[in-house]
Amino acid sequence: MYNIILLIFIFSITSCQKETNEIDPDLYSIVFCKEIVINTADAINFRLVGKWKWFKQICFPNLEQDLKSNLGLIVEFMSDSTFKVLKDEMPYMNGTWKLQANTDGLQIITLPIVNELTGKFNMCDNKFVCNDIGRDICANFFRRQ
């Protein structure tokens with residue numbers, strides 16, 4: 001159901017967006033990734049371990065790229081299900097994480113909650129997105145460091 005809503009949302013953006021005539025290329029390439037065939041928590045879990053640097057955010061309704069608000073934010077996922085967040089190379093937060101499947105797909109669950117990691121999780125190559133746009137919030141993009 002969520003995928004259908006996402007597709008309708010993406011197609012509506014492409015038909016309404018006049019300035020660029022395309023949706024965000026990172027969102028499109030990650031959501032419609034051809035590299036990952038099995039997109040389950042077990043299959044993706046080991047690929048998420050490591051350091052990830054935030055590189056942009058797009059938010060509803062204007063969908064303009066924000067390349068600066070979380071500049072310097074790095075999340076490191078450890079294989080023992082712990083994580084740490086650094087802001088400008090300084091410790092900011094730590095806790096536990098897990099990938100969880102729900103009716104919308106996969107989601108990263110963190111305790112405590114990391115706002116930039118909420119929403120539907122999609123991964124491709126060395127990038128991932130946590131997409132909450134469907135709930136009128138933001139999509140946050142990370143790149144493997």
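In this text, all values refer to a predicted model and were calculated from it rather than measured experimentally.
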Q) With a cut-off of 6.0 Å (strictly less than), are more than 12 heavy atoms of other residues, nucleotides or ligands near CG of Leu67? A) yes
Considering residues at least two apart in sequence or located in another chain, which fulfil the side-chain hydrogen bond (donor to acceptor under 3.5 Å, both in side chains) criterion with [X]?
X     : value
Gln57 : Asn140
Asp42 : none
Asn70 : none
Asp66 : Ser69

Please output the side-chain donor-acceptor pairs of residues 82-95 that fall under 3.5 Å, not counting sequence neighbours, one pair per line with the distance.
{"unit_1": "Thr82", "atom_1": "OG1", "unit_2": "Asp80", "atom_2": "OD1", "d": "2.5"}

Heavy-atom check, side chain of [X] versus side chain of [Y], under 4.5 Å:
X      : Y      : answer
Phe77  : Leu117 : yes
Phe142 : Val75  : yes
Leu71  : Phe55  : no
Leu48  : Met123 : yes

Q: Given side-chain contact (heavy atoms from CB on, under 4.5 Å), test Leu99 with Gln107 step by step and report yes or no.
A: CA-CA 6 Å; Leu99 274 176; Gln107 186 173 7; over 6 Å; no
Q. Who passes side chain to side chain contact (heavy atoms under 4.5 Å, CB included) against Gln100, sequence neighbours left out?
A. Lys98, Ile109
Q. Looking at residues at least two apart in the chain, or sitting in another chain, which of them share a side chain to side chain contact (heavy atoms under 4.5 Å, CB included) with Ala101?
A.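 Scan of Ala101 (side chain to side chain contact (heavy atoms under 4.5 Å, CB included), adjacent residues dropped) gives Leu106.
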Q: Using ring pair (Phe, Tyr, Trp, His ring centres under 6.0 Å) as the criterion, list what pairs up with Phe121, not counting sequence neighbours.
A: Phe128
Q) Within the side chain of Trp97, is there an N or O that forms a donor-acceptor pair under 3.5 Å with the backbone of Met78? A) yes
Q) Counting N and O atoms only, with roles assigned by atom type, does the side chain of Arg47 sit under 3.5 Å from a partner on the main chain of Asp125, one being a donor and the other an acceptor? A) yes
Q. Can you tell me how far CG of Leu27 sits from CZ of Phe141, rounded to the nearest 0.5 angstrom?
A. 4.5 Å
**Q.** Listed partners of Cys59 passing disulfide bond (SG atoms under 2.5 Å apart), at least two apart
**A.** Cys138
Q | Pairs where residues 108-118 contributes a residue and the test side chain to side chain donor-acceptor pair (under 3.5 Å) is met, not counting sequence neighbours | A | Thr118-Asp132
Q: Name all pairs fulfilling the disulfide bond (SG atoms under 2.5 Å apart) condition that reach into residues 62-95, sequence neighbours left out, sorted by first residue then second.
A: none
Q.
Let's go through Ile74 and Gln145 carefully: what are the C-alpha distance in whole Å and the side-chain angles of both, what is the deciding distance for side-chain contact (heavy atoms from CB on, under 4.5 Å) to 0.1 Å, and is it a yes or a no?
A. CA-CA 8 Å; Ile74 295 172; Gln145 189 175 16; 3.3 Å; yes
Q: Just jot down the salt bridge (charged side-chain N to carboxylate O under 4.0 Å, His left out) partners of Lys53, sequence neighbours excluded, or say none.
A: none
